[in-house]
Amino acid sequence: MRLVPWHDPLPPGIALHRLDLDLAAEDGDAWVNLTPDERARATRFARRADRVRFAHTRAAVRRLIAQRLACRPAEVPLRADAHGKPYVEAAGDNAVPLFNISHAGDHALIALADPARVRCVGVDIEACARDLMADADALLAMAFTAREQREIRSDADLPHAFYRRWVGKEAVLKAAGVGMAEHLQSVGIHPDAHGALAVDCAVPAWAGIEAMALSAPPGYAAALAWHTKEQPL
């Protein structure tokens, strides 16, 4: 497994790491950094690849946060909110970073944010399956706004147009801390020619969330979303 710091420009107060996974490797070396509950959760995955993704991604998150909290990885007090979004339980401590994770295929992304500068952060990475578009009409109608559907259909590379909006949409909703299924139509993502992602939110409380496309490995798409503290809620 290889944990790589992100070197491309990022918004102030945000750090990003990419974890390159070996899905055929043993997952035991990650377990020393996990809690007993996390180890038990890992063993419940039926597929080896899913177990490796969970164990090594969670262990990497714990190591990165432990460096900032000056504690052992297994001592980082991770909790999950009502939507399953993990967070560090340490109320009132500005030294505790915000974070978000995403994994797909052979890669994971881990975003860390300084809570003195950033209100929330979300990240997403997806492996781009070309055959996903076999039932494009139903998929577009379910997941995208009318404007997004028009933009996707007008793109010569429909799968690429789909995924760069999908990862942006998921990153924004993860930053907002809400479930995906019920809010897919509440956010519109509109890429420009330079990789910026304009965000159109139907929910006023999310109006300050910004997003950007990330340089993903070949065959993947990724995006980052954030809300800085200079912006009003």
Side-chain angles (χ1 to χ4, degrees), residues 1-11 13-35 37-69 71-80 84-88 96-114 118 120-129 163-164 166-168 170-175 180 211-226:
M1 311 295 170
R2 188 169 67 115
L3 189 63
V4 183
W6 203 264
H7 297 297
D8 293 344
L10 292 169
I14 297 178
L16 189 67
H17 290 74
R18 190 187 78 229
L19 179 63
D20 298 328
L21 298 161
D22 179 358
L23 300 182
E26 295 294 332
D27 50 9
D29 61 334
W31 284 38
V32 67
N33 295 318
L34 303 180
T35 65
D37 285 346
E38 289 169 335
R39 295 173 196 167
R41 178 178 171 185
T43 63
R44 291 195 291 270
F45 285 102
R47 298 177 64 245
R48 177 193 186 89
D50 294 331
R51 185 173 68 248
V52 171
R53 285 189 195 97
F54 170 79
H56 282 276
T57 303
R58 182 58 63 96
V61 168
R62 285 187 168 277
R63 290 196 303 271
L64 289 170
I65 297 176
Q67 292 171 4
R68 300 192 178 201
L69 301 184
C71 67
R72 292 186 301 175
E75 295 173 341
V76 174
L78 294 184
R79 304 290 183 264
K85 182 178 181 179
Y87 66 95
V88 181
V96 173
L98 305 173
F99 76 97
N100 196 238
I101 59 178
S102 179
H103 50 70
D106 299 326
H107 304 283
L109 294 178
I110 303 168
L112 298 174
D114 177 0
V118 179
C120 58
V121 65
V123 68
D124 188 52
I125 183 169
E126 300 287 342
C128 302
Y163 275 107
R164 63 179 175 169
W166 177 265
V167 293
E170 185 154 349
V172 167
L173 293 175
K174 291 174 73 176
M180 283 287 295
M212 63 182 286
L214 296 172
S215 301
Y220 292 80
L224 176 74
W226 70 95

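The first residue of the sequence shown is numbered 1, and numbering continues consecutively from there. Any value given below was found using the heavy atoms of this structure, including those in side chains, with hydrogens, waters and symmetry copies removed.
In this structure, Glu75 and Cys71 approach most closely via the heavy-atom pair OE1-CB, 3.6 Å. Heavy atoms only, all atoms of each residue included: Ala221 and Cys128 are closest at N-SG, 3.7 Å. The heavy-atom pair separating Arg164 from Val167 by the smallest distance is O-CG2, 3.6 Å. Scanning all heavy atoms of the two residues, the minimum distance from Trp31 to Ala42 falls at CZ2-CB, 4.0 Å. Closest heavy-atom contact between Pro73 and Asn33: CG-OD1, 3.4 Å.
You'll find the side chain of Ile110 stays beyond 4.5 Å of the side chain of Leu16, heavy atoms only. Side-chain contact between Arg18 and Arg2 is present, with at least one heavy-atom pair separated by less than 4.5 Å. The shortest side-chain heavy-atom distance between Asp124 and Leu214 does not fall under the 4.5 Å cut-off. The closest side-chain heavy-atom distance from Pro77 to Val88 is below 4.5 Å.
If you take CG on Leu3 and NE2 on His56, they are separated by 12.0 Å, rounding to the nearest 0.5 Å. Summarising the geometry, atom CD1 belonging to Ile14 is positioned 9.0 Å from atom CE belonging to Met212; distances are rounded to the nearest 0.5 Å. The CG atom of Leu69 sits 11.0 Å away from the CG atom of Leu64 when rounded to the nearest 0.5 Å. Remark: Cys120 SG to Trp226 CH2 distance equals 11.0 Å, nearest 0.5 Å.
Although no hydrogens or angles enter the test, the distance criterion places no donor-acceptor pair under 3.5 Å between the side chain of Arg58 and the main chain of Leu34. Remark: side-chain polar atoms of Lys174 are not paired, donor with acceptor, to backbone N or O of Lys85 under 3.5 angstrom. Formation of a donor-acceptor pair under 3.5 Å by the Arg48 side chain with backbone atoms of Ala24 is found in this model. One N or O on the side chain of Arg53 and one on the backbone of Gly105 form a donor-acceptor pair closer than 3.5 Å.
In this view, Phe45 and Phe54 satisfy the ring-ring contact (aromatic ring centres under 6.0 Å, His included) rule, not counting sequence neighbours.
Exactly one of Val123, Leu19, Leu224 qualifies for a side chain to side chain contact (heavy atoms under 4.5 Å, CB included) with Leu109. That residue is Val123.
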